[in-house]
Number of protein chains: 4
Amino acid sequence: MVDFAAGEPNGALGAALAEFAVHGYHGTTVRRIAKRAGLSAAGLYHHYQSKQDMLVAVMNRGLDDLTVQLESEVEHVGTDPVDRLVRIVEVLALFHTQRTKEAFVAWTEVRSLEPANRGRVVAKRDRIQRLADAAVEDGVASGAFLNEFPRDSSRFIASMCVSIVQWYKPDGPLSPSEVAERLVVSALRLAGYAPDSGAV
Amino acid sequence: MVDFAAGEPNGALGAALAEFAVHGYHGTTVRRIAKRAGLSAAGLYHHYQSKQDMLVAVMNRGLDDLTVQLESEVEHVGTDPVDRLVRIVEVLALFHTQRTKEAFVAWTEVRSLEPANRGRVVAKRDRIQRLADAAVEDGVASGAFLNEFPRDSSRFIASMCVSIVQWYKPDGPLSPSEVAERLVVSALRLAGYAPDSGAV
Amino acid sequence: MVDFAAGEPNGALGAALAEFAVHGYHGTTVRRIAKRAGLSAAGLYHHYQSKQDMLVAVMNRGLDDLTVQLESEVEHVGTDPVDRLVRIVEVLALFHTQRTKEAFVAWTEVRSLEPANRGRVVAKRDRIQRLADAAVEDGVASGAFLNEFPRDSSRFIASMCVSIVQWYKPDGPLSPSEVAERLVVSALRLAGYAPDSGAV
Amino acid sequence: MVDFAAGEPNGALGAALAEFAVHGYHGTTVRRIAKRAGLSAAGLYHHYQSKQDMLVAVMNRGLDDLTVQLESEVEHVGTDPVDRLVRIVEVLALFHTQRTKEAFVAWTEVRSLEPANRGRVVAKRDRIQRLADAAVEDGVASGAFLNEFPRDSSRFIASMCVSIVQWYKPDGPLSPSEVAERLVVSALRLAGYAPDSGAV
DNA sequence: TATGAATGAGCCTTCATTCAT
DNA sequence: TATGAATGAAGGCTCATTCAT
């Protein structure tokens, strides 16, 4: 099973991430990042050109890890749309439970990106959304899903996964894989999954 | 049918809301709020004691409008949990499509509230969540919903409604009531609604 | 007789001028300007948008005062090139002795101007130089000046006037008008002034 | 004839000079000097103790070259004040056309020297000025120059030479020796040179 | 009510310089 | 010699807020 936890950034970038996640980009101070990183403010600028640069690095790192994993899974899972949706939701859930801060920042601070950077990040996010869209649409086409508005459903599914970052606590009652399981079940229901036997 | 649109704040508070929604609390400048409101920065302080005060006012206004409507609907709809969930999701969807900015700010900028204010706002948010929780739980108890993890489902349902603010555009293809309709269907599926005939 | 002294800037601009004159633009601190002006650093930004803006204001003010005076004198003095050169040198000398700091900054800190601002200032400087050029050239044409390289001579003359700022001290042995007198004599010699009787 | 051009500094000092000449001392960054020199910023500090040290080195080098040449010429030219003034102006003109950047920095950045260093540099500059003063004064005493204010004239003459750095371009219409020739003529006029035959 | 002027605190960033390697 | 990493101090500028008018 996928383990995203190991990919969390350390050092200066980890410090930036932690601060961005708690206070938001504009509420975060370079000095506080530096302090958390055990560096002087000036020292940070050896590694990153600007505060904005740190935000970009945080986002790219997170989104790239997620995208790589997601596309690799989709490639290996075969062509069945149901299997594909299951894998996608699983990976999304694991990422959002194990890399909560990065996911939160990536979905929350896009508005704080300068235009040039924003474009690239939004493109990455869209690419992920389109994987879910395709799985649901294919499932509807194949008859695996009964669904009158597949485009909305896949958006709702992705939203549900993303929303994990709003409530999930690592020391809460559910492990990442338990969360993933429940989201998979929920996503299939949302998609209109109708196996021979009836309801899920 | 409920019409939330009329309740949007005007004047200084509307200006604050507009800025908060686009730039976030910390990314918003008192001077920009003032400019948008057609006032001097100093002039704003005759209406609100501080920038924080404006945030609190924005949030209270939005959450109160929503809560009042929600509780009034719940009270009038009767005791059937299915009806109740339908009404709740409907109201949530209408609010999030018609008062997108307020909803966005209320769910996004809680972290920017000073502790004293935060408590009160979180309590209001929780109260709303609990309405959804209760509806799903009651439905499971009554056998209307087949659901192994009702608490998670009601959270997913609320998340879906809240996520509206991330993608809904007033000039997009769907009207608020169309969005509401689709969300109601999706919520019932998520809750595990199982009418006699089988699937929804 | 022209009195430039009254035109010296006061207040914030005077403070900026004083600091620029002593430490140069890049060696000057906004905080020091503010202190000298009896304001906070932030307060300065009510009157000028930036440090660069203060430099531009200083230069424009000085060069405009000088240009206005110069062109008005030239207009009133008649067409005789000798008279014209005399008036020009006189005005230049008076300006450079009475507004030494402004002249110094205007001729020294052009390199510190951002390109857009630089163009305008250089144009003003050139316009002044061209007045001297014309006077000498006309004098050569009329036979009043015997001179094989008028263009260089007029440049030398202007340089001499500008150089005043490098050595003139208000509390030194020479008054502004004495300086002006000596410069006029020197300029006529440089120009190759040859009255009937011979040397000047 | 004197050739100053060969004496221009290379390497790190040349880089410092180039930057100082364009941006001024305070506008120049150690890192930019290093970059131009093909070194790291830290590497520069193996050659010079500080940025100030580089400024001092630049100035001393230039002023020493000029002084040495000037005094050697004066020594060889004999006692005639006219010849002496001619040689002085010639050397000054050649130096300022061939070592423009150094001359510019030496006359412009004295204010950026720390007090201890400033004294020594000013002394060197004064020594040069005094050579010109003496030549004019001696000429007046000998009757070669007719001049009512010799001290001012010698200052004007030196100023004219120094001002070369403000307008001279190596790829312009005049060669260094042509500039020197015109300055010599001008200086003699300024000094009040009156050969038997009349005008110069 | 409204505002122009003002400010202390703090922002992001850059500076000249040092030092372990 | 050379440098990448680091830093204390300071830089220009903006912030939310106040107050006399």
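Proteins get letters first, then strands, A, B, ... in listed order; numbering begins at 1 in each.
Distance D:Y48 OH to E:dA16 C1': 17 Å, rounded to the nearest Å. Protein atom CD of B:E19 is 12 Å distant from nucleotide atom P of F:dC15, rounded to whole Å. Following rounding to the nearest Å, A:Q52 (CD) and E:dC11 (P) show an atom-to-atom distance of 18 Å. One can place CG of D:L39 at 15 Å from C1' of E:dT17, the figure rounded to the nearest angstrom. In this entry the distance linking NE2 of A:H46 with C1' of E:dC19 reads 12 Å, nearest Å. To the nearest angstrom, C1' of E:dA16 lies 17 Å from NE2 of D:H23. Atom CD1 of B:I33 and atom P of F:dC15 are 12 Å apart (whole Å). Counting to the nearest Å, the C1' atom of E:dT17 and the CG atom of D:L55 are 17 Å from each other.
Comparing A:A41 and C:L44, the nucleotide of DNA chain E nearest to each residue sits closer to the 5' end for C:L44. Nearest-nucleotide positions on DNA chain E for B:G43 and A:R32 put B:G43 closer to the 5' end. Take the nearest nucleotide of DNA chain F for B:Q49 and for B:T29: the residue whose nucleotide is more 5' is B:T29. Take the nearest nucleotide of DNA chain F for C:K51 and for A:G38: the residue whose nucleotide is more 5' is A:G38.
Checked against E:dA5, E:dC15, F:dT17, the side chain of B:Y45 finds its nearest nucleotide in F:dT17. Comparing atom distances between the B:V30 side chain and each of F:dT3, F:dA16, E:dT13 picks out F:dA16 as nearest. Taking the side chain of A:A42 as heavy atoms from C-beta on, and the options F:dT17, E:dA16, F:dT7, the nearest nucleotide is F:dT7.
Between D:S40 and F:dG4 there is no side-chain N or O to OP1 or OP2 distance below 4.0 Å. Contact annotation: D:H47 reaches the phosphate of F:dA2 (side-chain N/O to OP1 or OP2, under 4.0 Å).
Under the 3.5 Å distance criterion, the side-chain polar atoms of D:R120 are left unmatched by any main-chain donor or acceptor of D:N60. Formation of a donor-acceptor pair under 3.5 Å by the C:Y25 side chain with backbone atoms of C:L113 is not found in this model.
Looking at B:K101 and B:F20, their side chains never come closer than 4.5 Å, going by heavy atoms from C-beta outward.
Pairing for E:dG10 goes to F:dC13, judged as Watson-Crick or G-U wobble with the two contacts each under 3.5 Å. Base pairing annotation: E:dT21 forms a Watson-Crick or G-U wobble pair with F:dA2, both donor-acceptor distances under 3.5 Å.
Here the closest non-hydrogen pair linking C:Q98 and C:F4 is OE1-N, 3.1 Å. Nearest heavy atoms, A:A12 versus A:L44: CB-CD2, 3.7 Å.
With hydrogens and angles ignored, no donor-acceptor pair under 3.5 angstrom links the side chain of A:R31 to the base of E:dG10.
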